[in-house]
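In what follows, a single structure is set out as structure tokens and then discussed.
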Amino acid sequence: MVDLQKLFEPIRVGKTVLRNRTVMLAMGLNYVPPDQSVGQRLIDFYAERAKGGCGLIIVQMEPCFDGHLHSPAIYADTYVPGARKLVQALHAHGTGVCAQLAVRQSWARDPDSKPEFIGPSAEEMKAVPGHPLSRALSPDEIRHIVGQMGDAALRAKEAGFDAVEIHGGMGYLLARFLSTYSNKRTDSYGGALENRMRFLLEVVEAVRRKAGRELTVICRISADEFMPGGNTIEEQMRVCKALEAAGVDCLNVQAGWHESTRPLIQMSVPRGAYVYLAERAKNTVSIPVIAAYRLNDPFVCEEILRAGKADMVGMGRQFIADPDFVNKAEEGRSGEIMSCIACARCVETAMAGKPVVCTVNPRAGKEAQYTVEKAVTPKKVVVVGGGPAGMEAAIVAAQRGHKVILYEKDNKLGGQLLVAAMPPFKDEIRHLVSHLSQQVEKSGAQVKLNEEATSDSLRADQPDVVVLATGAKPSVPPIPGVCSPNVVTYEDVLMERKAVGGRVVVIGGGPTGCETAEFLAQKGKRVTIVEMLGRIGDRIGPVNRWVVMQRLKKSGITMETGITVNEITDAGVRVSRGEVTWSIEADTVVLAAGTKCDAELGQRLQGTIQTAVSIGDCRGMTEAERIAQAIADGFRTGKDI
């Protein structure tokens, strides 16, 4: 394992000197009030990341009104004081601060106008299912937006930002002008690449003219669009050269568009998978280059920098997961880093217009309210169950000074996480299990493995508080034949407790059923999923579902929807859809139709333990793998004891 040195070297970017090579990328967080001012919640969130050692923090700031009311604005002078307060809070911790200026897919000439979808061409996105058609911007409107971007950069400078980032990627407005996929214009803003990049270069010129040379300018660009008929890496490298020649100080290199049909941020994407794009840019220009996407390990970051593939490493979701990522790495505490597990829960909450939530960090966005303080009166706390809820409760309670005993009936901690980590592409869950287990040990909590808590043992412990985190177990639906020898549960399959035949029917097309089916298909089994709802994977979030469906289809898995399972037989299952009934042959039938809470101990303890709190899956959650709620439950419980 390499020493972490390059990661912490200072670097000059334009006129700005950064204390290390780490960059927190801009993200939509939905932490601002409806008036789009910079509120205390956003300041608290970013200040904790600055305090945690990040070298440069890029904050999304709206340069013009687009109807998106969940991000801080800088399209009017009235927003400058709030932005200045944010910058001062981050500068107090020695962090560089950058304002990202992005025009997405909608725009209004001024806040009194109605936003509308706009772009280079009227029908540019018709190939993307469900995407609204855009109105083509006129040259006058293009020039107006150029002016707005320059004005926003000047306001950012007045607020004290060290830099601005011009967003020219991800399928946002400037990227769509660059691309042959979306730009069908025949005027001076369309056709040849020199024309297609005109809008972007005019924005760079306006920023330089209005804000001056002393303000550092970064440009975020998709080095490969991954869009059919769009720009390739060769064309985008020509854009990078043009940006350098125009006076851009740094390139923030990313991959693809939001509309791309290639996985970019999901758990199935290997760590550092798209660093090759930054390396290509690094070999094309002489200005600093930021690498991004699926970076959450300081040692991977160090290797990227040492190999000369990039000058800096950009992370977004990793800093949501652990604001102290940099300090922990620099202080030799890398083992304590809570890694982003790439579940995309943060992205999905943002897409829904809700404040961002992190699966593994319940404090994200709640930094002021969710503090861990020493208890005034230490108590004896017994936690029953070593899954994510139980481990988090034990960690936080022990950190507060309580004496904690944790019972786990199996020979290792993890609970349902151990099952969730078994399907393909779930390595990040294994890292989460390891992290939580190490933190339990570090906390000083007493752990009793291979020991099932009973009413008698709990009374003997004489606890002040009992936390029941006994988890969930697979549901067994009332289907005739469900107790036959050829029937197993998804846990039996994923933990490889029972043999599975060559032909398999999986009952249940939810997240667990899909993962179990893929697990079996990779072992060469012929798999059919039967689901009562109208589509497979209905409860998988939108960021991940299309990726899972791609893999299931590629694996040759048969998927049947709208199905009622009437009977399980020795030969397979009898099913029906409407009035039609037929048989599906199978050697093994797998039950993956959800879970039910394991509340038996809680019921036995009623009236015998004065204070008992039930958390996590044992409280009746609908999805055992919803790690976020389990960890949040554990944190709140440990904090409030």
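Values in this document were obtained by computation on a predicted structure and should not be read as measured data.
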> Could you walk me through whether E491 and Q416 pass the side-chain hydrogen bond (donor to acceptor under 3.5 Å, both in side chains) check?
Replying inline: CA-CA 9 Å; E491 274 196 16; Q416 284 289 308; 2.7 Å; yes
> Between S576 and N566, does a side-chain hydrogen bond (donor to acceptor under 3.5 Å, both in side chains) hold up when you go through it step by step?
Replying inline: CA-CA 7 Å; S576 60; N566 300 315; 3.2 Å; yes
>> Once salt bridge (charged side-chain N to carboxylate O under 4.0 Å, His left out) is applied, what residue pairs with a partner in residues 581-594 remain, sequence neighbours excluded?
In response: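 For residues 581-594, and leaving out neighbouring residues, the salt bridge (charged side-chain N to carboxylate O under 4.0 Å, His left out) pairs sorted by first residue read R503-E585, R503-D587.
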>> Considering only residues two or more places apart or on different chains, which pairs with a residue in residues 429-444 satisfy salt bridge (charged side-chain N to carboxylate O under 4.0 Å, His left out)?
In response: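 Counting only pairs at least two positions apart or across chains, the salt bridge (charged side-chain N to carboxylate O under 4.0 Å, His left out) contacts touching residues 429-444 are D427-R430.
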Backbone N/O of [Y] and side chain of [X]: donor-acceptor pair under 3.5 Å:
X    : Y    : answer
H402 : K379 : yes
Q318 : C340 : yes
D492 : T489 : yes

> Any side-chain heavy atom of M338 within less than 4.5 Å of one from L436?
Replying inline: yes
> Under a 4.5 Å cut-off applied to non-hydrogen side-chain atoms, are M391 and Q439 in contact?
Replying inline: no
>> Measuring centre to centre across the rings, with the benzene-like ring taken for any Trp, is H258 within less than 6.0 Å of Y172?
In response: yes
>> side-chain hydrogen bond (donor to acceptor under 3.5 Å, both in side chains) for S434 and S437? Distances and angles first, verdict last.
In response: CA-CA 5 Å; S434 176; S437 301; over 6 Å; no
>> According to side chain to side chain donor-acceptor pair (under 3.5 Å), does anything in residues 554-565 pair up with another residue at least two apart or in another chain? List the pairs.
In response: E560-R577
>> For residues 341-365, which residue pairs pass the side chain to side chain donor-acceptor pair (under 3.5 Å) check, not counting sequence neighbours?
In response: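 Qualifying pairs: E48-R363.
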> Taking the six-membered ring of F226, is NZ or CZ of R262 closer than 6.0 Å to its centre and within 45° of its axis?
Replying inline: yes
>> Side chains of D461 and Y407: any donor to acceptor distance under 3.5 Å?
In response: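 Y407 vs D461: donor-acceptor pair found between side chains.
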> Should the heavy atoms of other residues, nucleotides or ligands under 6.0 Å from CZ of R526 be counted, would the total exceed 12?
Replying inline: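 No, not enclosed.
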>> Taking NZ in K380 as the centre, count heavy atoms belonging to other residues, nucleotides or ligands within less than 6.0 Å. Is the count above 12?
In response: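 More than 12 heavy atoms, drawn from other residues, nucleotides or ligands, come within 6.0 Å of this atom.
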According to salt bridge (Lys or Arg N to Asp or Glu O under 4.0 Å), who are the partners of [X], at least two apart in sequence or on a separate chain?
X    : value
K525 : none
D410 : none
D322 : K328
E428 : R271, R294

> Among V360, L25, V347, which one satisfies side-chain contact (heavy atoms from CB on, under 4.5 Å) with R317?
Replying inline: V347
> Excluding sequence neighbours, so at least two apart, what forms ring-ring contact (aromatic ring centres under 6.0 Å, His included) with Y370?
Replying inline: F635
Side chain to side chain contact (heavy atoms under 4.5 Å, CB included) with [X]: which residues, sequence neighbours excluded?
X    : answer
S222 : Q254, W257
K403 : none
R551 : S268, F425, E518, V547, V548

>> Run the side-chain hydrogen bond (donor to acceptor under 3.5 Å, both in side chains) test on S71 and Q60 for me, step by step, so that the C-alpha distance in whole Å, both residues' side-chain angles and the decisive distance to 0.1 Å come before the verdict.
In response: CA-CA 7 Å; S71 296; Q60 187 181 77; 2.5 Å; yes
> So C301 and M315, side-chain contact (heavy atoms from CB on, under 4.5 Å) or not? Walk me through it.
Replying inline: CA-CA 10 Å; C301 294; M315 293 161 276; 4.2 Å; yes
>> Looking at E367 and R41, is any side-chain nitrogen of the basic one under 4.0 Å from a carboxylate oxygen of the acidic one?
In response: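 Answer for the salt bridge query: no.
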